[in-house]
Amino acid sequence: MRKKIALVGAGQIGQNLAMLAAQKELGDIVILDVPSYVNMAKGKALDLMEMAPHGNYDANITATGDYKDIKGADVVIVTAGKPREAGMTREDLLNVNIKIITDVAAGVKQHAPEAFCIIVTNPLDAMVYCFHKLTGFSKRQVVGMAGTLDTARWRSFIAMELGVSVEDVAGTVLGGHGPDMVPLPRLTTVGGVPLCEIAAKEVIDRLLTRTREAGTEIVKLFGKGSAFFSPAWSAIAMAESYLKDKRRVLPCAALCEGEYGVKGLFIGVPCLISSKGVEKIFEIKLTDEEKAQLAKTVSSVTKTVEETRTVSV
Ligand code: TXD
């Protein structure tokens with residue numbers, strides 16, 4: 001019996017999620033979107049079925065406008081929501097996307113209450129918080145995708161700068177999905193060699209800035225809309241770890257209840273993702289400077305979450 005993956009949102013990221021999930025044969029795929037967009041979603045699903053002979057994957061890929069069709073999904077990945085336009089912050093999306101997440105949470109709660117839910121919609125840290133609150137799901141089964149993307153960006157920029165393979169750059173990014181996210185140069189290595197021993201401080205500072213602004217850099221280039229290839233793969237890495245019990249340790253927005261001194265917020269932390277969902281959060285012994293940086297991003301996330309309480313949905 002194949003697993004079932006529900007993709008809520010058939011847009012730029014959703015379509016890439018569907019393609020990656022199919023190519024990796026993670027299971028059958030149901031793409032859900034609003035009735036006005038459902039034919040586009042059905043067309044994308046059909047197109048992916050017609051690509052199967054080249055991709056040599058077997059998956060039943062369908063699309064719908066009705067939540068009853070996601071019944072029993074093992075994984076739900078939520079990208080439903082507006083993306084940024086040039087000049088917008090992620091927080092500018094709050095009022096429109098909280099209404100969407102409220103609808104989505106109701107549909108998932110009713111039809112896929114056992115699913116491992118990966119929230120992608122921005123402002124990410126607030127949207128995953130709202131989804132968790134609205135569904136009442138356990139903290140193990142709700143997670144936000146951001147740190148896995150931010151870490152990929154950090155690694156990619158280091159590899160580009162140093163002329164090395166991305167495969168040999170290891171590191172992590174903590175905190176909220178925003179300009180005060182916390183990449184950790186101190187714990188970043190290139191083939192096991194500490195980054196701080198092979199790159200000058202000004203180079204590292206430049207890469208830190210580029211990582212923090214990476215999403216905005218792409219939004220500026222597009223003018224309308226945001227990144228979709230790298231976010232899609234980042235979310236699929238999380239889904240795959242759950243579905244195959246790969247037990248990867250990935251930076252994800254998880255509910256902290258005391259970890260890193262944070263209570264009741266979703267922030268990016270190293271998570272063990274297994275068939276149990278968020279099985280464990282790993283704590284890092286941070287320096288005072290790193291703790292101060294984390295406190296700053298936690299403050300930003302707290303502010304945005306507080307704002308969700310003032311929005312009437
Ligand atoms: O790292 C991260 N978490 C971010 C997330 C990385 C990049 C983009 N990030 C955010 O993901 C972005 O700011 C958006 O909030 C979401 C989705 O971005 P995407 O680029 O996929 O947006 P699209 O192409 O506009 O697709 C959104 C789809 C579109 O097809 C809408 O019709 C659909 O969402 N939509 C809905 N589907 C289901 N139910 C409802 N209510 C709904 N409303 C809109």
Side-chain angles (χ1 to χ4, degrees), residues 6-20 30-45 63-67 69-70 76-86 88-108 111 118-131 134 143-154 173 175-179 181 211-212 214-219 222-238 250-253 266-268 301 304 313:
L7 305 177
V8 181
Q12 293 280 60
I13 299 176
Q15 63 190 19
N16 281 284
L17 287 170
M19 185 166 75
L20 290 167
V30 179
I31 310 171
L32 183 141
D33 210 299
V34 293
S36 59
Y37 198 79
V38 74
N39 280 342
M40 179 66 94
K42 285 181 178 174
K44 292 178 179 182
T64 182
D66 188 333
Y67 276 94
D69 295 322
I70 73 165
V76 174
I77 307 179
V78 180
T79 63
K82 289 281 180 231
R84 285 194 279 171
E85 298 182 20
M88 288 174 79
T89 68
R90 294 179 179 92
E91 287 67 30
D92 289 335
L93 300 169
L94 181 79
N95 290 348
V96 64
N97 285 349
I98 197 171
K99 294 179 175 64
I100 294 172
I101 286 294
T102 300
D103 289 346
V104 173
V108 174
H111 297 282
I118 301 170
I119 311 305
V120 177
T121 308
N122 269 327
L124 185 273
D125 308 288
M127 294 300 99
V128 63
Y129 173 91
C130 291
F131 182 91
L134 290 162
V143 70
M145 187 296 286
T148 307
L149 170 62
D150 298 327
T151 300
R153 288 167 164 168
W154 170 237
V173 177
H177 186 47
M181 64 177 76
T211 301
R212 294 187 175 114
T216 302
E217 181 180 1
I218 289 184
V219 170
F222 286 169
K224 184 175 168 45
S226 43
F228 43 85
F229 293 124
S230 48
W233 196 291
S234 302
I236 286 293
M238 296 161 67
L250 296 168
C252 307
F266 283 77
I267 60 155
V301 172
T304 309
V313 289

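As a basis for the values below, the full set of heavy atoms in this structure was taken, side chains included, without hydrogen atoms, waters or symmetry mates. For ligands, and for the atoms within them, numbers begin at 1 and follow the listed sequence.
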Query - Euclidean distance, T304 OG1 relative to M127 CE, rounded to 0.5 Å - result: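 With rounding to 0.5 Å, CE (M127) is 9.0 Å from OG1 (T304).
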Query raised in the report: Mind checking whether I98 and C130 have side chains closer than 4.5 Å, heavy atoms only?
Result: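 Yes, close enough: below the 4.5 Å cut-off.
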Requested in this report: Would you check if T121 and I100 make a side-chain contact, meaning some heavy-atom pair closer than 4.5 Å?
Outcome: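 They are not in contact (no side-chain heavy atoms under 4.5 Å apart), so the answer is no.
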**Report entry** Side-chain donor-acceptor contact under 3.5 Å, T216 with R84
**Finding:** yes
Requested in this report: With sequence neighbours excluded, tell me which residues meet salt bridge (Lys or Arg N to Asp or Glu O under 4.0 Å) with E91.
Outcome: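 By the salt bridge (Lys or Arg N to Asp or Glu O under 4.0 Å) rule, E91 matches no residue at all.
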Query raised in the report: So H111 and Y67, would you call those rings parallel, tilted or perpendicular, with 30° and 60° as cut-offs?
Result: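 Taking Y67 first and then H111, their aromatic rings lie parallel (interplane angle under 30°).
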Note down each nitrogen or oxygen pair, ligand 1 side and protein side, whose separation is under 3.5 Å; give only atom names and the distance to 0.1 Å.
from	atom 1	to	atom 2	distance (Å)
ligand 1	1 (O)	H177	NE2	3.1
ligand 1	3 (N)	V120	O	2.9
ligand 1	3 (N)	M145	O	2.8
ligand 1	9 (N)	N122	ND2	3.3
ligand 1	13 (O)	N122	ND2	3.2
ligand 1	15 (O)	K82	O	2.8
ligand 1	15 (O)	N122	N	3.2
ligand 1	21 (O)	Q12	N	3.4
ligand 1	21 (O)	I13	N	3.0
ligand 1	24 (O)	Q12	N	2.8
ligand 1	30 (O)	D33	OD2	2.7
ligand 1	32 (O)	D33	OD1	2.7
ligand 1	32 (O)	D33	OD2	3.4
ligand 1	34 (O)	G81	N	3.4

